[in-house]
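One structure is given below, encoded as C-alpha cells.
Letters go in sequence order (proteins before strands), and every chain restarts at 1.
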2 protein chains.
Amino acid sequence: MTGVTTAAAEPDPADKPRRARGEQTRQLILETALRLFRERGYAETTMRAIAKEAGVAVGNAYYYFDSKEHLIQGFYDRNQVAHRAAAQEVLAAEKELAPRLRGVLHAGIDVNEPYHSFAATFFKTAAEPTSPLSPFSSQSSPAREAAIAIFRDVVEGSNAKLDPELRKELPELLWLGWMGVILFWVYDNSPGQRRTRRLIDGAVPLIDRLVSLSRLRVLRPALRQVLALIETVRKDD
Amino acid sequence: MTGVTTAAAEPDPADKPRRARGEQTRQLILETALRLFRERGYAETTMRAIAKEAGVAVGNAYYYFDSKEHLIQGFYDRNQVAHRAAAQEVLAAEKELAPRLRGVLHAGIDVNEPYHSFAATFFKTAAEPTSPLSPFSSQSSPAREAAIAIFRDVVEGSNAKLDPELRKELPELLWLGWMGVILFWVYDNSPGQRRTRRLIDGAVPLIDRLVSLSRLRVLRPALRQVLALIETVRKDD
DNA sequence: CCCGTGACTTGAACATGTTCAAGTGATGTG
DNA sequence: CACATCACTTGAACATGTTCAAGTCACGGG
C-alpha cells in the first residue's frame, strides 16, 4: 500500500490558515477513523460510528473528507513515510544491489504487516481504476513519485554496474515489481504472509542476475527489445 | 475478465428440477441486469431498477442471486465461453507457439472490448481477495481451470520444443500473464485500448524467445531457479 | 460595541443494497 | 377432490454512505 496517496490536506489549499481550528477536528476524525478501522475492520466501521466516537456529527466528517474511502489516504500517507524511513536505514548500511533491494522490499512488508487483515478489505478501493486512490491515478502521482524515488536510491546508491539505458528505467520497473509484491501480499494468507517473504527472497537474486547480465554483449538485442516494448507501451496515455 | 466464474446454477443443486419455472425467472433477471449494466453502467443500475424492468419484486432478485455482485458472474460466464470459442478458431489454424499465444490473447481482448468502459467500474469487485469473484478464489476455481486449459492447449498443441519441466508449468504461467494483461487492459484508456494490443504484440515474441532459450544447457540453472521459486511460493496456500 | 462574513457544525432526509416475515399457487397425495 | 407442501414471490423494513438546508460562532470592519 505504501506509495499510494496524496500528501496535501484537502480543504485548505495550503494558504495561510484563516482559523486553524478546523485542522484539529480533521485530525480528530482521521485518528478516530483509523483506530476503528484497525479495531473492527473497514467495512464494519460505519461513518456514524466514527462520528459518534469522535464526538461530532456525521456531516462534519464529510466536510473534511469527500467520502469514507478518502479516509484511507491517511493510512497510506503514514505507511509511505514509515517505509521510507525503514528503507533509508537499510540503504545506509548496504552497497550491493541485491541486499539493498531485498532489504527495502522486506521493510515495506514489515511496515504493512500489522494491517494485513484489513488491508485486504479495502484493497479493492485502491484497485478501481477510476478511484483517486489507485496507485496509477494522477491524484496519487506525487506519492508514486516518492515511492519510485526509493527505488532510484536503491539503484543509484549501489555499486552495481549496468547498462545505462536500463539504469534509467530500472527504478520504475522495480516500483512496478513492488506493486506486484503488494498485490501478492494482499492475496497471501499463509501464516505471517511467509509466502510473500519467500517470493521476495527468491525473486531478488533472479532480478540481480538478470540485471548483471544486461551488460553482456550477446544479450544486448534482447535488452533493447525489452526497453523498446516499455517505450511503446508507455506512449499516449 | 474471462475465466473468472462459477458455471453452476445457484439454487438448484443440479438435481432434477422439481419445477423448472424458477429457472426462467432467474434468466429473466440476469438478462435484464446485464442489459442495464451495459446501458447505464454497473454502479448506476439499482437493484430496484433491475427488478422493476424485469417486472418482479426486489426480493425476488435476491432469491436467485446472493448479491448485486453475483450478477456479474453471468457476465463472466458468457465472456469465458466466447473467449474459448474464439481461441479454438485460432488454435485450429496455427501450429507455431508465438502466433497461437498472440491469437488467443487478442481474441480475449476482442471478446471483452465492448465492455471495457463498465468492466473498469466493477473491476474492483473482482479485485477484493475475499470476494468469491476473485480469479484466485476457490469459488471460481472451475472457471480458472477452464481458462488455464485454453493455455494448456496453446502449449500442447504447438510444435514448440521446450524443457519438460517448463512445459508442465507454462500453461499456468501464461494464464497468470493473461491476468496481468487484463489488469493492464482495465487501466488502459488509450483509444481502443491500443496500448494493450501493443503490449501483447511486444511481449509475445519475448516470451517465445525466452521459452525457446529454456532448452539451452547454459540456461538450465537459471530455469531451475525460476521453477524452484514458483514451487516455493506455491506451497502452503 | 454591534454586525456581517464565512468557516465550521449539525442532524434530518435521501438513495440504495439487503433482509425477512408473510403470502401465493402449482403439484403430488390421500 | 380437498389438502398439505414447498418452490417461488412480495414489498415493507432496515442499515449505511452521502447530501444539504439551516444553524452557530469567532473575528474583523464600521
Side-chain angles (χ1 to χ4, degrees), chain A residues 9-30 32-34 36-37 40-73 121-122 124-125 128 130-133, chain B residues 9-30 32-33 36-37 40-74 121-122 124-125 128 130-133:
Chain A
E10 299 264 13
D12 206 80
D15 288 345
K16 44 181 180 287
R18 301 198 174 223
R19 246 167 307 155
R21 173 159 123 268
E23 188 55 28
Q24 206 172 333
T25 310
R26 183 194 166 80
Q27 288 303 327
L28 172 64
I29 292 170
L30 182 57
T32 308
L34 292 184
L36 292 184
F37 288 166
R40 319 178 183 177
Y42 178 73
E44 291 70 28
T45 304
T46 73
M47 291 300 280
R48 284 170 182 75
I50 295 172
K52 188 169 188 177
E53 193 80 2
V56 299
V58 205
N60 205 0
Y62 282 92
Y63 181 77
Y64 291 102
F65 300 92
D66 288 349
S67 73
K68 188 181 176 187
E69 296 185 4
H70 278 74
L71 284 165
I72 300 175
Q73 285 202 329
T121 309
F122 65 64
K124 63 168 178 181
T125 307
E128 188 181 34
T130 59
S131 164
L133 275 70
Chain B
E10 301 264 10
D12 205 83
D15 289 343
K16 46 182 178 286
R18 298 194 176 228
R19 248 167 303 154
R21 175 161 120 265
E23 188 54 30
Q24 205 172 333
T25 311
R26 183 194 166 80
Q27 288 303 327
L28 171 64
I29 292 170
L30 181 57
T32 308
L36 292 184
F37 288 167
R40 320 179 180 176
Y42 178 73
E44 290 69 27
T45 304
T46 74
M47 291 300 280
R48 284 170 183 76
I50 295 172
K52 188 168 187 179
E53 193 81 1
V56 300
V58 206
N60 205 359
Y62 282 92
Y63 181 77
Y64 292 100
F65 300 92
D66 288 349
S67 73
K68 188 181 174 186
E69 297 186 2
H70 278 73
L71 283 165
I72 300 177
Q73 285 202 330
T121 309
F122 65 63
K124 63 168 177 183
T125 307
E128 188 179 36
T130 60
S131 164
L133 274 71

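- With rounding to whole Å, B:F65 atom CZ is found 15 Å from C:dT19 atom P.
- Within the structure, a side-chain polar atom (N or O) of B:Y64 is placed less than 4.0 Å from OP1 or OP2 of D:dT9.
- As rounded to whole Å, 15 Å separates atom P of D:dA7 from atom CD of B:E23.
- The residue among A:G59 and A:A43 whose nearest nucleotide of DNA chain D lies closer to the 5′ end is A:A43.
- Residue pairs meeting the side chain to side chain donor-acceptor pair (under 3.5 Å) criterion with at least one member in residues 47-57 of chain A, sequence neighbours excluded, are A:R35-A:E53.
- Atom CZ of B:R40 is separated from atom P of C:dT16 by 11 Å (rounded to the nearest Å).
- At a non-hydrogen distance threshold of 4.0 Å, A:T46, A:M47, A:R48 from residues 46-57 of chain A come into contact with DNA chain D.
- When the side-chain nitrogen and oxygen atoms of B:Y62 are compared with OP1 and OP2 of C:dT18, one or more of them lie within a distance under 4.0 Å.
- Atom CG of A:N60 and atom P of C:dC8 are 10 Å apart (whole Å).
- Listed for the B:R26 side chain is a donor-acceptor partner under 3.5 Å among the backbone atoms of B:Y64.
- Residue B:Y63 places its side chain closer to D:dT9 than to any other of D:dT18, D:dT9, C:dG17.
- A:T46 meets the side-chain hydrogen bond (donor to acceptor under 3.5 Å, both in side chains) test with no other residue; sequence neighbours excluded.
- Atom-to-atom, CD1 of B:I72 to C1' of C:dG17 comes out at 13 Å; the value is rounded to the nearest Å.
- When the C1' atom of D:dT18 is taken as reference, atom CG of A:L71 falls 13 Å away, rounded to whole Å.
- Distance B:Q24 CD to D:dA7 P: 18 Å, rounded to the nearest Å.
- Closest heavy-atom contact between A:L36 and A:T45: O-OG1, 3.3 Å.
- Residue B:T25 places at least one side-chain N or O closer than 4.0 Å to OP1 or OP2 of D:dT9.
- Take B:E44 and apply the salt bridge (Lys or Arg N to Asp or Glu O under 4.0 Å) test, not counting sequence neighbours, and it matches no residue.
- In this structure, A:E69 has no side-chain hydrogen bond (donor to acceptor under 3.5 Å, both in side chains) partners at least two apart in sequence or on a different chain.
- From A:L30, atom CG reaches atom CZ of A:F65 across 4.5 Å, with rounding to the nearest 0.5 Å.
- Taking atom CD on A:Q27 and atom P on C:dC8, their separation rounds to 14 Å, with Å as the unit.
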